[in-house]
Protein chains: 2
Amino acid sequence: MDKTNSRKSARSALEPRQGAQAIRRALAVLRILAAGREDGVPLAEVVRTTGLTRPTVHRIVHVLIEEGIVERHGRSGRYAIGNQVPELALARPRPSRLLVAANPSLQRASTEIGDTLFLTVRTGNDTLCVDRRIGIYPIQVLSIEVGARRPLGVSSAGVAILAAMPAPDARKIVAANEKRFAAYRTDVATVLGQVTAARRLGYGMREIGLVQGTKSISTWIKTPDGQPAAAMTVSAVRTRLGPRREQEVVEILLREARSIEQAIHG
Amino acid sequence: MDKTNSRKSARSALEPRQGAQAIRRALAVLRILAAGREDGVPLAEVVRTTGLTRPTVHRIVHVLIEEGIVERHGRSGRYAIGNQVPELALARPRPSRLLVAANPSLQRASTEIGDTLFLTVRTGNDTLCVDRRIGIYPIQVLSIEVGARRPLGVSSAGVAILAAMPAPDARKIVAANEKRFAAYRTDVATVLGQVTAARRLGYGMREIGLVQGTKSISTWIKTPDGQPAAAMTVSAVRTRLGPRREQEVVEILLREARSIEQAIHG
DNA sequence: GCGTTCTTGTCCATATTATGGACAAGACAA
DNA sequence: TTGTCTTGTCCATAATATGGACAAGAACGC
């Protein structure tokens with residue numbers, strides 16, 4: 001449509017295998033639905049965020065319903081990921097390599113820090129929370145749950161992951177997510193600014209978290225090939241994360257991030 | 001290709017939404033890959049079991065790789081379900097309704113029976129093992145693992161599920177699975193015979209289990225609308241399941257199957 | 001070495017397939 | 001009523017996915 005890398009048939013390195021437009025579109029739809037979690041997403045929003053036309057989205061979604069990959073919620077009419085998706089997922093070993101590798105680090109960091117700790121992976125243009133540890137401090141930020149999916153850039157974890165990749169790649173992803181930023185009250189320029197700041201600092205930070213009154217700090221975790229694959233985040237009420245404590249927390253997070261990277265290697 | 005219900009545009013009740021051949025084919029491929037679990041499946045086998053042409057399967061599989069939905073294993077070159085599938089699955093609440101509903105029954109039955117107990121769901125034309133409980137008896141049949149996926153009809157659970165649905169539906173599914181039966185050393189006629197026997201008995205049974213020297217007994221579990229959705233299976237070494245004990249086990253399984261059906265209702 | 005039989009990967013002319021503009025109907029509000 | 005949402009459908013058309021044919025690589029036997 002608009003991503004015409006057309007011209008001839010230069011099949012070179014990345015991306016351009018053709019002959020499957022419909023399949024790619026169906027997956028784009030699925031990823032948007034996944035962001036809606038259990039509640040799902042109205043058709044119109046899928047249309048808006050994917051940039052596809054409504055007849056196309058409608059057709060895709062209803063075929064996926066027939067196939068059991070998507071479900072429609074009775075009252076609301078929203079579309080959500082169907083139960084055949086976890087069934088397909090059972091084909092893979094659980095828990096994942098990353099979760100195994102990260103487990104001891106999360107354990108240690110959670111004990112030391114006491115605030116809520118998140119492990120977030122990058123998946124395509126999204127961040128996805130895959131683990132959460134609750135600390136001993138009596139006030140915990142629990143609004144982000146395992147399974148939460150957001151466009152890369154709107155959370156401190158997303159900013160950290162973007163900061164850890166080559167700037168042009170990050171810009172490309174942020175641009176691709178543009179249409180989805182409005183729902184999180186941010187925009188391309190703001191996100192890029194936060195990414196630059198995180199790159200300078202060595203970690204991601206949001207003074208004003210997605211949840212009112214909270215502050216988040218994230219360090220990135222890279223795979224052996226240097227690509228950021230995940231982020232480790234601490235969220236707490238803002239007053240609990242002053243400059244002094246911020247440094248303490250960052251030190252622990254950085255230490256454990258490196259430790260997880262080692263563990264993935266082995 | 002061959003399932004031409006063509007003629008005009010009679011869009012009536014079941015199945016025939018068109019305009020998404022490619023998506024349906026991609027899903028058919030994914031389901032075959034899922035049956036290969038972690039090891040995956042060679043391209044040629046996908047071609048054989050789906051009945052698609054090789055260029056088509058090749059294209060689909062490689063697009064899915066680019067999208068992260070499929071992975072290719074280094075040495076073997078086999079194709080397997082990729083890590084983006086469990087990531088999409090996180091959008092749904094875990095554990096599922098069925099698992100929650102079945103939990104107490106599985107607990108009770110496992111304690112009472114002492115042999116390995118399986119909960120298996122129907123998904124499309126497959127059975128999928130979703131829970132396994134190990135009993136206290138020292139010899140346990142552990143070869144079937146959570147995530148194991150088989151064509152409906154080759155396991156006692158599959159036979160039970162087929163027996164619980166209207167005969168024409170069952171026949172249709174068995175016919176659709178024909179190409180996949182050879183790998184399990186069975187065929188359409190044998191399966192249909194076992195289904196008829198199970199219907200008469202009131203439960204599914206295999207004197208010669210998929211694993212050498214074992215015997216399996218399965219009862220079906222129906223959803224409120226009368227469709228079988230799952231099966232509860234006991235597997236043990238054959239000598240431990242003589243006619244007398246078979247009756248005992250069947251009684252427990254039937255009781256708990258009804259109990260699970262109640263629990264799903266509520 | 002060479003042939004045989006597997007496998008996987010690629011090309012491209014073709015017609016089958018998916019597309020999307022236009023239209024319609026339902027829900028809710030003013 | 002009219003207006004502004006939403007979702008659903010039709011069908012002529014262009015673009016897409018298709019698959020026959022070809023190629024190359026791997027494993028085996030002799």
Side-chain angles (χ1 to χ4, degrees), chain A residues 1-13 16-29 32-33 36 39-67 70-80, chain B residues 1-13 16-29 32-33 36 39-67 70-80:
Chain A
M1 205 100 289
D2 44 29
K3 48 163 57 179
T4 32
N5 58 340
S6 51
R7 204 64 55 182
K8 273 291 163 56
S9 60
R11 175 191 304 93
S12 58
R17 188 164 234 112
Q18 58 157 304
Q21 187 193 63
I23 295 171
R24 278 192 218 276
R25 287 177 167 186
L27 292 173
V29 168
I32 296 299
L33 295 186
D39 292 341
V41 176
L43 190 69
E45 190 178 325
V46 181
V47 170
R48 240 174 279 127
T49 51
T50 58
L52 301 171
T53 62
R54 199 156 32 68
T56 298
V57 173
H58 183 266
R59 185 166 15 87
I60 288 172
V61 154
H62 281 265
V63 169
L64 292 175
I65 288 174
E66 283 179 16
E67 296 283 335
V70 165
E71 280 177 6
R72 185 153 199 204
H73 289 176
R75 196 79 225 111
S76 68
R78 283 161 164 251
Y79 298 94
Chain B
M1 203 101 289
D2 43 30
K3 47 162 59 177
T4 32
N5 57 340
S6 51
R7 205 64 56 183
K8 274 291 162 59
S9 60
R11 173 190 306 95
S12 58
R17 187 163 235 114
Q18 58 158 304
Q21 186 194 64
I23 294 171
R24 279 193 216 277
R25 287 177 167 186
L27 292 172
V29 167
I32 295 299
L33 295 186
D39 292 341
V41 177
L43 189 70
E45 191 179 325
V46 180
V47 171
R48 239 175 278 127
T49 51
T50 57
L52 301 171
T53 63
R54 198 157 34 69
T56 298
V57 173
H58 183 266
R59 184 166 15 86
I60 288 172
V61 155
H62 281 263
V63 170
L64 293 175
I65 288 174
E66 281 180 16
E67 296 284 336
V70 166
E71 281 179 5
R72 185 153 199 207
H73 289 175
R75 197 79 226 109
S76 68
R78 284 163 165 251
Y79 299 93

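In what follows, chains are A, B, ... by sequence order, proteins preceding strands, each numbered from 1.
- Atom CD1 in A:I23 sits roughly 12 Å away from atom C1' in D:dT18 (whole-Å rounding).
- Contact check for A:T50 versus A:R25: no side-chain heavy atoms found under the 4.5 Å cut-off.
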**Request:** Could you check A:Y79 against A:H58 for side-chain hydrogen bond (donor to acceptor under 3.5 Å, both in side chains), going step by step and ending with a plain yes or no?
**Result:** CA-CA 10 Å; A:Y79 298 94; A:H58 183 266; 5.0 Å; no
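- Between B:V29 and B:V70 there is no side-chain heavy-atom pair separated by less than 4.5 Å.
- Residue B:Q21 has a polar side-chain atom (N or O) positioned under 4.0 Å from OP1 or OP2 of D:dT18.
- Minimum heavy-atom separation, B:D39 to B:H73: O-ND1, 3.3 Å.
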**Asked** Is there a salt bridge (charged side-chain N to carboxylate O under 4.0 Å, His left out) between A:R24 and B:E66 once you walk through the steps?
**Response** CA-CA 10 Å; A:R24 278 192 218 276; B:E66 281 180 16; 2.9 Å; yes
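- One atom, CD1 of B:I60, and another, P of C:dA18, lie 11 Å apart when rounded to the nearest Å.
- Atom-to-atom, CD of A:Q18 to C1' of D:dT16 comes out at 9 Å; the value is rounded to the nearest Å.
- Where the helix from C:dG1-D:dC30 to C:dA30-D:dT1 starts and where it ends, the local axes point in directions that differ by 30°; five pairs per end, rounded to 10°.
- In this structure, CZ of A:R24 is placed 18 Å from C1' of C:dT19, rounded to the nearest angstrom.
- Toward the 5' end of DNA chain D, the nearer of the two residues B:A22 and B:R75, judged by each one's closest nucleotide, is B:A22.
- Side-chain contact between B:T56 and B:R59: present, with at least one pair of heavy atoms (C-beta onward) separated by less than 4.5 Å.
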**Complete:** Once base and sugar-phosphate atoms are separated, protein heavy atoms under 4.0 Å mark nucleotides 3-9 of chain C, 5' to 3', with B, S and - as ----SBB
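- B:E71 is linked by a salt bridge (Lys or Arg N to Asp or Glu O under 4.0 Å) to A:R92, counting only residues two or more places apart in sequence or in another chain.
- Counting all heavy atoms, side chain and backbone alike, A:V63 lies closest to B:A20 at CG2-CB, 3.4 Å.
- The phosphate of D:dT18 (OP1 or OP2) has no side-chain N or O of B:T53 nearer than 4.0 angstrom.
- Straight-line distance from the CG atom of A:L52 to the P atom of C:dT19: 8 Å, rounded to whole Å.
- Note on A:R25: a side-chain N or O is less than 4.0 Å away from OP1 or OP2 of C:dT19.
- The nearest pair of heavy atoms linking A:A80 to A:G40 is CB-CA, 3.7 Å.
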